[in-house]
Amino acid sequence: MVVLLRLGRGCVFDLGVSLCCGQVFRWELVGDWWWGVVGDGVWRVRQVGDRLEFENVEEERVREYFGLNVDLPRILREIGKDEYARKAVEAFKGLRILRQDPWECLVSYVCATYKGIPAIKKMLFELSRRFGHKIMFENRTFYAFPTAEKLARASMNRLAECGLGYRARYVRETARKVHDEHVNLESLRKAGYDDAQKELLEFPGVGPKVADCVLLFSLEKLEAFPVDVWVRRVILRHYAQHFPDKFINKISEEKSLSNSEYATLSLWGRKYFGKHAGYAQEYMYHYERTR
DNA sequence: CAAGTGCCTTTATC
DNA sequence: AGATAAAGGCACT
């Protein structure tokens with residue numbers, strides 16, 4: 001049964017951009033419907049103007065998952081600190097940060113290191129197909145995201161077959177830690193940014209960038225400001241005046257950032273854009289990538 | 001079409 | 001602390 005949700009004023013939302021912008025990797029567009037597996041359920045969602053239609057999921061879950069309960073117009077005003085930020089916001093107005101499952105998000109971003117989005121999608125698709133349980137919906141086959149237990153027991157070979165490369169070891173070790181130590185990632189939603197980040201950094205394959213992505217995309221830490229190559233480029237091109245020349249010269253030459261350089265950039269983002277800095281990051285990331 | 005480059009970085013080592 | 005190297009393989013040019 002298709003349920004209809006009319007997006008009221010103040011509830012600006014763009015489903016397509018939100019699913020395409022590189023924060024989530026397992027949604028598929030079929031015709032004008034988006035199909036996605038969330039938890040153990042297959043959702044079908046489409047947007048027609050200010051109407052959001054969905055199937056096989058309750059409205060409350062939809063609101064929660066797509067972040068419809070946050071006051072986006074207010075956040076966008078708040079992060080529009082300068083001309084560049086306002087341009088990025090204007091270009092993709094309606095992009096919302098989703099509230100993903102923390103376990104799936106953690107594995108996704110461990111896999112995402114030093115990879116492009118198409119390759120990330122492929123890895124997660126293969127992981128789910130091989131290790132996730134099968135779900136039939138509308139005569140189509142879907143796979144739930146594999147549990148920590150399943151990945152903890154996976155052989156290195158079968159993980160490597162998913163295209164993980166050297167990440168296979170990190171995924172398995174991270175899965176083992178979650179499973180063996182009965183880690184409850186959801187509980188990190190109640191923790192503050194610093195405490196939650198500290199916990200995430202304990203997982204193999206998780207550095208500051210991956211931790212920030214998990215904090216932002218699944219643990220409701222909207223102040224998290226992940227700095228990847230694209231965001232670094234944005235800073236170099238548009239915000240260099242906020243840093244000493246020496247620092248800017250240094251990070252423009254290097255291929256990768258040291259931990260302290262990363263911390264400098266990420267902390268600057270949080271201070272400059274405020275408590276919803278993650279939204280600024282996502283708009284600028286997507287804006288920079290699509291030029 | 002082949003070869004080169006880049007990729008939402010982290011870890012190990014010195 | 002800071003510098004340096006190594007680590008799949010896929011997608012795009």
Side-chain angles (χ1 to χ4, degrees), chain A residues 17-27 88 92 95 97-98 100 104-127 130 154-175 177 197-219 221-222 224-237 246-247 249-266 269 277-291:
Chain A
V17 173
S18 301
L19 291 176
C20 276
C21 65
Q23 59 176 315
V24 68
F25 306 100
R26 258 160 45 82
W27 283 83
F92 296 108
L95 188 170
I97 290 179
L98 308 185
Q100 300 182 49
E104 175 167 349
C105 193
L106 175 61
V107 176
S108 298
Y109 282 92
V110 166
C111 290
T113 63
Y114 212 61
K115 276 288 192 186
I117 289 173
I120 300 165
K121 287 183 172 170
K122 187 167 188 274
M123 288 188 278
L124 297 175
F125 177 81
E126 291 298 332
L127 271 181
R130 286 161 192 272
S155 78
M156 216 48 105
N157 261 5
R158 291 195 66 211
L159 286 173
E161 282 167 13
C162 300
L164 297 193
Y166 64 88
R167 298 163 197 79
R169 192 163 57 86
Y170 300 142
V171 166
R172 192 169 72 171
E173 295 310 309
T174 288
K177 186 170 159 63
Q197 189 191 49
K198 200 182 290 174
E199 288 293 313
L200 292 174
L201 290 173
E202 294 297 312
F203 291 101
V206 177
K209 156 64 170 62
V210 170
D212 274 334
C213 287
V214 177
L215 289 166
L216 177 59
F217 299 132
S218 72
L219 294 175
K221 303 295 177 270
L222 297 183
F225 192 82
V227 180
D228 67 347
V229 288
W230 299 96
V231 173
R232 174 161 43 143
R233 261 170 228 160
V234 168
I235 292 175
L236 287 171
R237 287 234 267 279
K246 222 176 105 189
F247 179 76
N249 289 336
K250 193 141 179 297
I251 66 168
S252 21
E253 321 254 305
E254 296 169 330
K255 315 148 241 333
S256 62
L257 298 170
S258 72
N259 275 358
S260 77
E261 288 159 348
Y262 180 92
T264 300
L265 294 176
S266 182
Y279 262 97
Q281 186 273 0
E282 208 48 21
Y283 274 85
M284 296 191 302
Y285 168 77
H286 193 51
Y287 189 57
E288 182 68 14
R289 264 177 53 88
T290 50
R291 16 200 37 222

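Protein chains get the first letters and strands the later ones, always in sequence-line order, with residue 1 at the start of each. As the structure is a prediction and not an experimental result, all values here were calculated from the model.
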- Quick one: closest heavy-atom pair of Ser108(A) and Leu124(A), and the distance? OG-CD1, 3.5 Å

- Query: What pairs with Arg172(A) under salt bridge (Lys or Arg N to Asp or Glu O under 4.0 Å), at least two apart in sequence or on another chain?
  - Reply: none

- Contact class for Lys250(A) vs. all strands (heavy atom < 4.0 Å): base, sugar-phosphate, or nothing? sugar-phosphate

- Task: Under 4.0 Å between any heavy atoms, over every strand shown, what does Ser258(A) touch: base, sugar-phosphate, or nothing? Just pick one.
- Result: nothing

- Report yes if some heavy atom in the side chain of Phe203(A) is under 4.5 Å from a heavy atom in the side chain of Val110(A); otherwise report no. no

- Do Ile120(A) and Met123(A) have side-chain heavy atoms sitting under 4.5 Å apart? yes

- Query: If we take the P atom in both dA6(C) and dC8(B), what is their distance in whole Å?
  - Reply: 23 Å

- Watson-Crick or G-U stems involving DNA chain C, each at least 3 pairs long, distances under 3.5 Å, ordered by first number: B:3-7 with C:9-13, B:9-14 with C:2-7

- d(Arg233(A) CZ, Asp228(A) CG) to nearest 0.5 Å is 8.5 Å

- Between Leu201(A) and Gly22(A), which has a closest nucleotide on DNA chain B that is more 5'? Gly22(A)

- Query: Which value, in whole Å, describes the distance between the P atoms of nucleotides dC10(C) and dT10(B)?
  - Reply: 22 Å

- Message: Using modelled atom types and a 3.5 Å cut-off, is there a donor and acceptor pairing between side-chain atoms of Arg232(A) and backbone atoms of Ile251(A)?
- Response: yes

- Message: I'd like the 5' and 3' limits of the part of DNA chain C contacted by chain A, with heavy-atom contacts below 4.0 Å.
- Response: dG2(C) to dA11(C)

- On DNA chain C, nearest-nucleotide positions of Tyr114(A) versus Lys122(A): which is more 5'? Tyr114(A)

- Message: Please check this pair: side chain of Gln281(A) against backbone of Pro226(A), looking for a donor-acceptor N/O pair closer than 3.5 Å.
- Response: yes

- For Glu173(A) and Pro204(A), work out which heavy atoms get closest and say how close. CB-CG, 3.4 Å

- Message: Work out how far the C1' atom of dA11(C) is from that of dC1(B), and round it to whole angstrom.
- Response: 15 Å

- Item | Test side-chain contact (heavy atoms from CB on, under 4.5 Å) applied to Glu199(A) - qualifying residues, sequence neighbours left out | Leu188(A)

- Task: Hey, could you give me the SG/CH2 distance between Cys20(A) and Trp27(A), rounded to the nearest 0.5 Å?
- Result: 12.0 Å

- Does any non-hydrogen side-chain atom of Trp230(A) lie less than 4.5 Å from one of Tyr287(A)? no

- Query: In residues 278-291 of chain A, what residues come within less than 4.0 Å of DNA chain C, judged by heavy atoms?
  - Reply: none

- Message: Using the salt bridge (Lys or Arg N to Asp or Glu O under 4.0 Å) criterion, which residues pair with Glu253(A)? Sequence neighbours excluded.
- Response: none

- Task: For Ser155(A), enumerate each residue passing the side-chain contact (heavy atoms from CB on, under 4.5 Å) test, keeping only those at least two apart in sequence or located in another chain.
- Result: Asn157(A), Arg158(A)

- Query: Is the Tyr285(A) to Phe225(A) ring centre distance short of 6.0 Å?
  - Reply: no

- Interface residues of residues 160-169 of chain A with DNA chain B (non-hydrogen, below 4.0 angstrom): none

- Item | Donor-acceptor contact present, side-chain Ser252(A) to main-chain Asn249(A), <3.5 Å | yes

- Query: Would you call Tyr109(A) and Gln23(A) a side-chain contact if the rule is heavy atoms closer than 4.5 Å?
  - Reply: yes

- Message: If you apply the rule side-chain contact (heavy atoms from CB on, under 4.5 Å), what do you find for Glu282(A) with Phe217(A), and how did you get there?
- Response: CA-CA 10 Å; Glu282(A) 208 48 21; Phe217(A) 299 132; 3.4 Å; yes

- Nucleic acid contacts - residues 225-235 of chain A versus DNA chain B, non-hydrogen atoms under 4.0 Å: Asp228(A), Val229(A), Trp230(A), Arg233(A)

Anything under 3.5 Å between a donor and an acceptor, one on a side chain of residues 206-216 of chain A, the other on a protein residue two or more places apart or in another chain? List them.
| from | atom 1 | to | atom 2 | distance (Å) |
| --- | --- | --- | --- | --- |
| Asp212(A) | OD1 | Tyr193(A) | OH | 2.6 |
| Asp212(A) | OD2 | Tyr262(A) | OH | 2.6 |
| Asp212(A) | OD2 | Ser266(A) | OG | 3.4 |

- So what does Phe25(A) hit on the nucleic acid, given a heavy-atom distance under 4.0 Å: a base, only sugar-phosphate, or nothing? nothing

Donor-acceptor list for residues 160-170 of chain A side chains, cut-off 3.5 Å, not counting sequence neighbours:
| from | atom 1 | to | atom 2 | distance (Å) |
| --- | --- | --- | --- | --- |
| Glu161(A) | OE1 | Arg130(A) | NH1 | 2.8 |
| Arg167(A) | NE | Cys111(A) | O | 3.2 |
| Arg167(A) | NE | Thr113(A) | O | 3.0 |
| Arg167(A) | NH1 | Leu164(A) | O | 3.0 |
| Arg167(A) | NH2 | Thr113(A) | O | 2.9 |
| Arg167(A) | NH2 | Tyr114(A) | O | 3.4 |

- Task: Using the C1' atoms only, state how far dG8(C) lies from dT5(B), rounded to an integer number of Å.
- Result: 15 Å

- Query: Is dG4(B) syn or is it anti, if syn means the base angle is within 90 degrees of 0?
  - Reply: anti

- Note on the structure: The first and last nucleotides of DNA chain B lying within contact of chain A, meaning any atom under 4.0 Å from one of its heavy atoms, run from dC7(B) to dT11(B)

